[in-house]
There are 2 protein chains.
Amino acid sequence: MARHSILDILNDTLRKETLEKVRVMQFPAGQVLFSAGQNCQGLPLVLGGRIKVQMTGVSGHSIVLYRMEADDICTLSIGCLMTGRAYRAEAVVEEGAEAVMIPRGVFDRLMDQSAGFRLGIMESYGRRLDDLMLLVEEVAFRRMDQRLEEWLLGRAARGAVVITHQELAVELGTAREVVSRLLKELERRNMVRLSRGRIEVTGLLDRQHRAR
Amino acid sequence: MARHSILDILNDTLRKETLEKVRVMQFPAGQVLFSAGQNCQGLPLVLGGRIKVQMTGVSGHSIVLYRMEADDICTLSIGCLMTGRAYRAEAVVEEGAEAVMIPRGVFDRLMDQSAGFRLGIMESYGRRLDDLMLLVEEVAFRRMDQRLEEWLLGRAARGAVVITHQELAVELGTAREVVSRLLKELERRNMVRLSRGRIEVTGLLDRQHRAR
DNA sequence: GGTTGAATGTGACTTTATCACTGAAGTCAC
DNA sequence: GTGACTTCAGTGATAAAGTCACATTCAACC
């Protein structure tokens, strides 16, 4: 069954009516949920899996803006849904995802009838704005070596990640060569072990646990 | 009288009730509308003037995220208002501004009663997300000299701006020295004339009008 | 086992950031 | 008006990051 906290908030009648009008959809890894220039068909409520949202600049470079996981709402879609503008970013499924697509009419009705639903939407928007503001700061001011180390820690503290340098460059919004060189340096310092398409974190320490 | 398009959308009863419960406030240039860490007192609807929203990173550097002018809604405040989280950014009045402060209760009521109000809020959110996404791309991938030229064009095509290099650095999210050097180079090429706290644009051409 | 394409490595060079200053332009007190 | 102060701007040296061009390596597939 479709499990999403924003649906739990609804009263029984409203939830029942909603569930009758939506369908749960499965998205295999790799599938593009939407891409730049496309129009929005409905508001996705993510039930599971992982979806990354990235945009490609005029320069042709891409950067990952944020991720959606279980219980997230695709906030980006709301604006496109309501105003009819096209998406500016692209959403790609990373881990087979499951989502409910809420069509415009149902969304309007839920916004009208449920204060809880409205709160959920507003919260989601707030989080997303926060995420993006933090990203701006990170991209503008933080050093790439630190950002790389943090990414690795967040993703694979003492484990291994399967990712190419190119993909990692898109995560951080930089160039592949920069990632390659920084990783090489980390390997030289015995903090990671590199192999083709795979990075094993062996001795990275969290910044907090290190002397500054 | 308080003129804001999102108030015009309301029906007469609702508008009247709303206007009774809010007050129009004046903010002189330089005043800080809110700053990081503070809690939100209400949703500002901007009636006039100009307010810049900027954040300061852990590094101590600041960057301007976006501006609000007449008819804008301080989207950032909604999240803080609804969830009780503190502001992460700071809003500074640039040109004497006028705004209506909508308290939480009134906001809830408007969201509940007016589909038009909801649409306005959602549109505003969508625009803001778009702005921030574009900013991320700009900061991550575009060259500083181009960004500087565009800023100057957008702000003072063939006129003069009163701004220090430091302030301009915050606009672009870079260091003062970088701005100084780039400006010096533009002056050398007779595209601007520099004086203390003032930049006169004399011969900058819009990119579209130039050969690439 | 050779071919192919993707992934990674690397040198050379440019742009941007950082640091540590110097000097110049305004402001204010007296 | 002159000196003291403060803010703003200029600059050299160096480090970090981005760009370009190409070399090498690896894995997969006939």
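Chain letters run A, B, ... following the sequence lines, proteins first and then strands; every chain starts at 1. Heavy-atom basis, side chains included; hydrogens, waters and symmetry copies ignored.
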Whole angstrom value for the distance that separates P of C/dT8 from CD of A/Gln166: 9 Å

Pairing residues for B/Tyr66 by the ring pair (Phe, Tyr, Trp, His ring centres under 6.0 Å) criterion, not counting sequence neighbours: none

Nucleotide D/dG18, atom P - distance to CD1 of A/Ile63 in whole Å: 10 Å

Plane angle bin for B/Tyr125 and A/Tyr125 - parallel if under 30°, tilted between 30 and 60°, otherwise perpendicular: parallel

Step-by-step side-chain hydrogen bond (donor to acceptor under 3.5 Å, both in side chains) determination, B/Glu177 to B/Ser180: CA-CA 5 Å; B/Glu177 298 91 317; B/Ser180 289; over 6 Å; no

Minimum heavy-atom distance between A/Arg50 and A/Ala97, given as atom pair plus value: N-CB, 4.3 Å

Over all atoms of both residues, closest heavy-atom pair of A/Asn39 and A/Gly84: ND2-O, 3.0 Å

Five-pair end axes of the helix from C/dG1-D/dC30 to C/dC30-D/dG1 and the angle they enclose, rounded to 10°: 20°

Per-nucleotide protein contact string for nucleotides 9-18 of chain C (B base, S sugar-phosphate only, - none; heavy atom under 4.0 Å): BBBB--SSBB

Contact list for residues 67-93 of chain B, test ring pair (Phe, Tyr, Trp, His ring centres under 6.0 Å), sequence neighbours left out: B/Phe34-B/Tyr87

Between P of D/dC26 and CZ of A/Arg198, the distance in whole Å: 16 Å

For A/Phe141, all residues meeting ring pair (Phe, Tyr, Trp, His ring centres under 6.0 Å), sequence neighbours excluded: B/His61

Partner set under ring pair (Phe, Tyr, Trp, His ring centres under 6.0 Å) for B/His4, not counting sequence neighbours: none

Between D/dA16 (P) and A/Arg147 (CZ): distance, integer Å: 16 Å

